[in-house]
Visitor: 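One structure, pasted below without further comment.
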Amino acid sequence: MDLRRNENDGNSEPTQFPAQISHLALDIGGSLIKVVYFSTSRDNCIDCEGESSANDTLRLFSGNCKHPVLQGRLHFAKFETSKIKDCLEFISSKELHLGGFQHHENPSKDRKFIKATGGGAYKFAELFKENLGIDLDKEDEMDCLVAGANFLLKAVHREAYTFMDGQKEFVQIDQSDLYPYLLVNIGSGVSMIKVDGDGKFERVSGTNVGGGTFWGLGRLLTKCKSFDELLELSHQGNNRAIDMLVGEIYGGMDYSKIGLSSTTIASSFGKAVSDNKELEDYKPEDVARSLLRMISNNIGQISYLNALRFGLKRIFFGGFFIRGQPYTMDTISVAVHFWSKGEAKAMFLRHEGFLGALGAYVSYAKHSNDNVVCNQSTQLPVSASYAADPNYNPLSGDFNDNESIQCSVYAA
Ligand SMILES: Nc1ncnc2c1ncn2[C@@H]1O[C@H](COP(=O)(O)OP(=O)(O)O)[C@@H](O)[C@H]1O
Ligand SMILES: CC(C)(COP(=O)(O)O)[C@@H](O)C(=O)NCCC(=O)O
C-alpha cells in the first residue's frame, strides 16, 4: 500500500483519503498488455474486528491495526501491445500508476514502482518512465504465470472448467490435491510448465506455434483486420473444405486398424495441394476454421505428450488465444482425450489471459510494508456489459475483461 499519501499523526482530521486505492500490475506480452488493478473506497475498508467505517480507514493507514483488511475489487483490462499508448492513457486517466510501491532501499527517491512482467516489461520500461514517471519492477514471466494460476485455482470459486462436446462443467478444486499439474499458457507462443507447488515449477516445453501463429497466418490468409473478426469468421467456416480427411485418402473408409475414422483430419490444409485452387478460391471462413483447428489440435497434442512425460493427469490451459471459444476448447479437449485415451483432462480457466498479470499483482506481497495478499475471492460479477465483446457468451458464464473479482487484501 502507498502509506505515504495517507499518513496521519493522529491529531489532524483524516481529510485526504482518496476515494479509491489501487494496486496496478501489468503483463506486457508479445501481442497484448494485460492490466490488473485493485480498487476500494474507504467505505469498503474494514479493520481486524470486521467493523466498517471511515475511521477504520484512518486506522488502516496510520498502522494502528495489525491486520487491516481492505475489501475491494480486482479489475481487468487488456490492450493490444501495438497500441501501448492507449494503455498509458488508460492508466494515466484512472491514476492507476499512483498505486505502486516505493523501494525501501531507496525511500528518499520519490519514485513509484509498478509490478510488471512479460517481455514488454523490459522492452517498454523507458516508455513508462517517460510517460508516467514510474519504474517497472520486473517479475519473471514464468514465476508470474504459475503464481497467477495457483492464485486463481485456490482463491476463485468456479474458476476451472472442462469443455467437451459443447458442455461446460466447472471443476471443484481440492486444494490439498492440486499438484502436480501441467500449465499450458497459449499466448503469442506457448509455454508448458510442470507445477509442483507454490513457486515450485519447471518449464518443461514450449512451442512457437501458438496464438501469434493463428492470428499472424490468419491475417495473411483471410485479410481480417482484427483478431475478433478472424474468430468470428472461423465460426462460420467448414474446415473440411480445405483439410484432407482419412476417408479422402482411403476411398471413404475408416483406417480402423490404427484407430482412425474416415472423418479424422489426415492432413490440415492437405486438400490445397491437390485441389488445384488458388487462395482466392477458398472461402476465408473455411481457411480460418481450418487454421484454428490445426493450431488448437497441435497444442492439445503436444500438451498431452508433455503430461505423459511426467505422468500428469491434469492440464490447465491459459492464455488469450483461448478467449473462451467453444471450438478452440473443444478441439484441445478432444486432442487431449483422444491421445491420452481418456486418462488426462484438459481444463480451462475463466481468467485465462490474466495469469501473468495476476502473478505480478500477488508479488506485491513480497514487499514487507506493502504486503498485499488476496485471501479469498468470490466471483459473481454480473454487471459487466457482455455486448462489448461478441465472442463471449454471457449465458455460459464466460469471463469478460470488464468484470471484476471481489476480494480482500491484507495490508500489513
Ligand atoms: N484482441 C486481440 N488482439 C490480438 N490477439 C488476441 C486478441 N485476443 C486474443 N488474442 C490472441 O491471444 C494471443 C495473445 O495471448 P496472450 O496470452 O495475451 O499472450 P502475449 O502475452 O504473448 O501477448 C494472440 O496471439 C492471439 O492469438
Ligand atoms: C517467449 C515466450 C515465453 C513469451 O511469452 P508470450 O509473450 O508469448 O506470452 C513464449 O512466446 C514462448 O514460450 N514461446 C515458445 C518458445 C519455444 O519454446 O519454442
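First listed ligand is number 1; within each ligand, the first listed atom is number 1. Only this structure's heavy atoms are used, side chains among them; waters, hydrogens and symmetry mates stay out. For clarity, every value in this text was computed on a predicted model and none was experimentally measured.
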Visitor: Just let me know how Met142 lines up against ligand 2, side chain, backbone, both or neither, with a heavy-atom cut-off below 4.0 Å.
Guide: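 Within the 4.0 Å criterion, Met142 contacts ligand 2 through side-chain atoms alone.
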Visitor: Measure the distance from atom 5 (O) of ligand 2 to every protein heavy atom, then report the residue, atom name and distance (to 0.1 Å) of the closest one.
Guide: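 Answer, as residue, atom name and distance: Glu141 OE2, 2.8 Å.
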Visitor: Do Leu358 and Phe76 have side chains that get closer than 4.5 Å, going by heavy atoms?
Guide: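 A side-chain contact under 4.5 Å exists here.
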Visitor: Of all the non-hydrogen atoms in the protein, which one sits nearest to atom 8 (O) of ligand 2, and at what distance?
Guide: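 For atom 8 (O) of ligand 2, the nearest protein heavy atom is Gly189 N, 3.0 Å.
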Visitor: For Ser262, is there any backbone N or O sitting under 3.5 Å from a side-chain donor or acceptor partner on Asp254?
Guide: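 It does hold such a pair.
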Visitor: How about Asp196 and Phe201: do any of their side-chain heavy atoms sit closer than 4.5 Å?
Guide: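 No, every pair of side-chain atoms sits at 4.5 Å or beyond.
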Visitor: Phe316 and side-chain contact (heavy atoms from CB on, under 4.5 Å): which single residue from Leu153, Leu182, Leu152, Ile193 fits?
Guide: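 That would be Leu153; it is the only one of Leu153, Leu182, Leu152, Ile193 passing the side-chain contact (heavy atoms from CB on, under 4.5 Å) with Phe316.
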Visitor: Ser39 and side-chain hydrogen bond (donor to acceptor under 3.5 Å, both in side chains): which partner among Arg73, Lys94, His75?
Guide: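 Among the candidates, only His75 passes.
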Visitor: So do the side chains of Leu312 and Tyr181 get within less than 4.5 Å of each other, counting heavy atoms only?
Guide: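 With C-beta onward as the side chain, the pair stays apart.
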Visitor: List ligand 1 atoms under 4.0 Å from Ser188, heavy atoms only on the residue side.
Guide: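 Checking each atom against Ser188, I get 14 (C), 19 (O), 20 (P), 22 (O), 23 (O), 25 (O).
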Visitor: What protein heavy atom sits nearest atom 1 (N) of ligand 1, and how far off is it?
Guide: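 Closest protein heavy atom to atom 1 (N) of ligand 1: Arg323 NH1, 3.8 Å.
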Visitor: Can you name the atoms of ligand 1, numbered from 1 with element, that are less than 4.0 Å from a heavy atom of Trp215?
Guide: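 Within the 4.0 Å cut-off of Trp215, ligand 1 contributes 4 (C), 5 (N).
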Visitor: Using the six-membered ring of Tyr122, assess whether NZ or CZ of Lys138 lies under 6.0 Å from its centre and within 45 degrees of the ring axis.
Guide: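 Yes, Lys138 lies over the aromatic ring of Tyr122.
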Visitor: What's the shortest distance from atom 6 (C) of ligand 1 to any protein heavy atom, and which residue and atom give it?
Guide: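 Result: Phe227 CG, 3.5 Å.
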Visitor: Got a sec, which pairs hit salt bridge (Lys or Arg N to Asp or Glu O under 4.0 Å) with one end in residues 258-285, sequence neighbours left out?
Guide: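 Sorted result for residues 258-285: Glu248-Lys271.
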Visitor: Residue-level breakdown please: for Met192 versus ligand 2, do any non-hydrogen atoms fall below 4.0 Å on the side chain, on the backbone, on both, or on neither?
Guide: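 For Met192, there is no contact with ligand 2 at all, from either part.
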Visitor: Can you report which non-hydrogen protein atom sits closest to atom 19 (O) of ligand 2, along with the distance?
Guide: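 Among all protein heavy atoms, the one nearest atom 19 (O) of ligand 2 is Asn208 N, 3.9 Å.
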Visitor: When you measure from the centre of the six-membered ring of Tyr161, is the NZ or CZ of Lys168 under 6.0 Å away and within 45° of the axis?
Guide: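 Yes, a cation-pi geometry.
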Visitor: Which residue supplies the protein heavy atom nearest to atom 19 (O) of ligand 1, what is that atom called, and how far is it?
Guide: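 For atom 19 (O) of ligand 1, the nearest protein heavy atom is Gly187 CA, 3.1 Å.
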Visitor: To the nearest 0.1 Å, how far is atom 27 (O) of ligand 1 from its closest protein heavy atom, and which atom is that?
Guide: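 Among all protein heavy atoms, the one nearest atom 27 (O) of ligand 1 is Gly211 O, 2.8 Å.
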Visitor: Would you check whether Phe321 reaches within less than 4.0 Å of ligand 1, judged by its heavy atoms?
Guide: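 Under 4.0 Å: yes for Phe321.
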Visitor: List the atom of Ser303, the atom of Phe317, and the distance in Å for their closest heavy-atom pair.
Guide: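 That would be OG-CE2, 3.4 Å.
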Visitor: List ligand 2 atoms under 4.0 Å from Gly30, heavy atoms only on the residue side.
Guide: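 Listed by number with element, the hits are 7 (O).
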Visitor: If you look at every heavy atom in Cys144 and Glu139, which pair is closest and at what distance?
Guide: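 In this case the closest contact between Cys144 and Glu139 is SG-CB, 3.5 Å.
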Visitor: Quick one: which ligand 1 atoms are inside 4.0 Å of a heavy atom on Gly212?
Guide: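 The list of qualifying atoms is 25 (O).
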Visitor: I'd like to check whether Leu32 has a polar contact with ligand 1, where a contact means an N/O of the residue lying under 3.5 Å from an N/O of the ligand.
Guide: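 Such a contact does occur with ligand 1.
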Visitor: Check whether the ring centres of Tyr361 and Phe151 lie less than 6.0 Å apart, and answer yes or no.
Guide: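 No, the ring centres sit 6.0 Å or more apart.
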Visitor: Is the shortest side-chain heavy-atom distance between His23 and Tyr37 below 4.5 Å?
Guide: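 They are not in contact (no side-chain heavy atoms under 4.5 Å apart), so the answer is no.
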Visitor: Please report the C-alpha distance between Arg293 and Thr331 in whole Å, then the side-chain angles of each, then the deciding distance to 0.1 Å, and finally whether the side-chain hydrogen bond (donor to acceptor under 3.5 Å, both in side chains) criterion is met.
Guide: CA-CA 6 Å; Arg293 182 134 183 193; Thr331 306; 4.6 Å; no
Visitor: Against heavy atoms of Arg203, which atoms of ligand 2 measure under 4.0 Å?
Guide: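 Close to Arg203: 12 (C), 13 (O), 15 (C), 16 (C), 17 (C), 18 (O).
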Visitor: Might you work through the side-chain hydrogen bond (donor to acceptor under 3.5 Å, both in side chains) test for His337 and Glu343, ending with a clear yes or no?
Guide: CA-CA 7 Å; His337 185 83; Glu343 286 278 297; over 6 Å; no
Visitor: Would a search of protein heavy atoms around atom 17 (C) of ligand 2 find one under 4.0 Å away?
Guide: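 Answer yes: something from the protein, a heavy atom, is under 4.0 Å.
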Visitor: Would you check whether Ser191 has a nitrogen or oxygen atom less than 3.5 angstrom from a nitrogen or oxygen atom of ligand 2?
Guide: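 Yes, there is a polar N/O contact under 3.5 Å.
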Visitor: Which of the numbered atoms in ligand 1 are below 4.0 angstrom from a heavy atom of Gly319?
Guide: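 Here the atoms of ligand 1 in question are 17 (O).
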Visitor: Taking only heavy atoms of Ser188, which atoms of ligand 2 are found under 4.0 Å from at least one of them?
Guide: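 So the atoms of ligand 2 that pass are 8 (O).
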Visitor: For ligand 1, which atoms have a heavy atom of Lys34 less than 4.0 angstrom away?
Guide: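 Near Lys34, the atoms of ligand 1 are 16 (P), 18 (O), 19 (O), 20 (P), 21 (O), 23 (O).
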Visitor: Can an N or O of Ser31 be found at a distance shorter than 3.5 Å from an N or O of ligand 1?
Guide: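 It does: an N or O of Ser31 is found under 3.5 Å from an N or O of ligand 1.
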Visitor: At what distance is the nearest protein heavy atom to atom 15 (C) of ligand 2, and which residue and atom is it?
Guide: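 The protein heavy atom lying closest is Thr207 O, 3.4 Å.
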Visitor: Would one find an N or O of Gly353, backbone or side chain, under 3.5 Å from an N or O of ligand 1?
Guide: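 No; the residue has no nitrogen or oxygen that sits under 3.5 Å from a nitrogen or oxygen of the ligand.
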Visitor: Classify the contact between Phe320 and ligand 1 as side chain, backbone, both or neither, using a heavy-atom distance cut-off of under 4.0 Å.
Guide: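 Within the 4.0 Å criterion, Phe320 contacts ligand 1 through backbone and side-chain atoms alike.
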